[in-house]
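Heads up: the structure comes next, in structure tokens.
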Amino acid sequence: MGTIKTVERKIKEVEGFDVKFFRNDRDIRSDLTDIPAYPYSNRAPDSNTVSDYVSNRFKKNYPGFDAKVYCADGSEAIGQTKLGTVRMTY
């Protein structure tokens with residue numbers, strides 16, 4: 001178990017993009033503890049969309065939380081954007 005900040009950092013290492021935890025459209029404090037470790041060591045396919053990632057990886061491992069995926073310039077990647085496109089911004 002770790003903090004939100006630790007998990008967000010691990011997601012970036014594995015997936016190659018920034019993710020922020022949200023609940024009820026509010027950013028979750030990065031020092032929130034008892035968050036399970038990110039279980040993946042291989043990134044999701046570039047052909048998956050942001051929506052695919054959030055529903056198939058993020059929400060399955062972090063129920064009760066929502067996620068926003070960000071491009072390198074800090075803009076939010078919308079749902080139908082391919083993960084490969086997001087990764088190319090970094």
(Q) Would you say that Asp18 contacts Tyr90 through its side chain, given a criterion of any heavy-atom pair below 4.5 Å between the two side chains? (A) yes
(Q) Could you check whether any side-chain heavy atom of Val19 comes within less than 4.5 Å of a side-chain heavy atom of Tyr53, counting everything from C-beta outward? (A)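 A side-chain contact under 4.5 Å exists here.
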So, for [X] and [Y], which heavy atoms are closest and what is the spacing to 0.1 Å?
| X | Y | answer |
| --- | --- | --- |
| Val86 | Ala77 | CG2-CB, 3.6 Å |
| Gln80 | Ser51 | NE2-OG, 4.0 Å |
| Leu32 | Ile35 | O-CG1, 3.8 Å |
| Pro36 | Tyr62 | O-OH, 3.0 Å |
| Arg43 | Val14 | CB-O, 3.1 Å |

Q: Could you tell me whether a side-chain N or O of Asn24 sits under 3.5 Å from a main-chain N or O of Arg26, the two making a donor and an acceptor?
A: no
Q. Between Leu83 and Thr49, is a side-chain contact (heavy atoms from CB on, under 4.5 Å) present by the stated rule, with each step listed?
A. CA-CA 5 Å; Leu83 295 180; Thr49 64; over 6 Å; no
Q) Same cluster or not: are Val7 and Tyr40 linked, directly or through other Ile, Leu, Val, Met, Phe, Trp or Tyr residues, by side-chain heavy atoms under 4.5 angstrom apart? A) yes
(Q) Check for me, please, whether Met88 and Ile11 land in the same ILVMFWY cluster - side-chain distances under 4.5 Å, paths through other members count. (A)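 In one cluster: no.
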Q. Near Asp31 CG, under 6.0 Å, is it more than 12 heavy atoms from other residues, nucleotides or ligands?
A. yes
Q. Just wondering, are more than 12 heavy atoms of other shown residues or ligands nearer than 6.0 Å to NZ in Lys68?
A. yes
Q) Given Phe58 and Phe65, is the ring-ring contact (aromatic ring centres under 6.0 Å, His included) satisfied, shown in steps? A) CA-CA 9 Å; Phe58 186 87; Phe65 292 101; 7.3 Å; no
Give, for atom [atom1] of [X] and atom [atom2] of [Y], the distance between the pair rounded to the nearest 0.5 Å.
| X | Y | atom1 | atom2 | result |
| --- | --- | --- | --- | --- |
| Asn56 | Asn61 | CG | CG | 10.5 Å |
| Glu13 | Ser41 | CD | OG | 12.0 Å |
| Arg29 | Ile4 | CZ | CD1 | 11.0 Å |
| Glu76 | Cys71 | CD | SG | 9.5 Å |
| Lys5 | Lys20 | NZ | NZ | 9.0 Å |
| Thr3 | Glu8 | OG1 | CD | 8.5 Å |

**Q.** Short side-chain donor-acceptor distance under 3.5 Å, Glu15 and Tyr38
**A.** yes
Q. Can you tell which of Val50, Val69, Thr89 makes a side-chain contact (heavy atoms from CB on, under 4.5 Å) with Phe17?
A. Val69
**Q.** Sidechain N-carboxylate O distance under 4.0 Å for Asp66, Lys59
**A.**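 Salt bridge between Asp66 and Lys59, a charged N being under 4.0 Å from a carboxylate O: yes.
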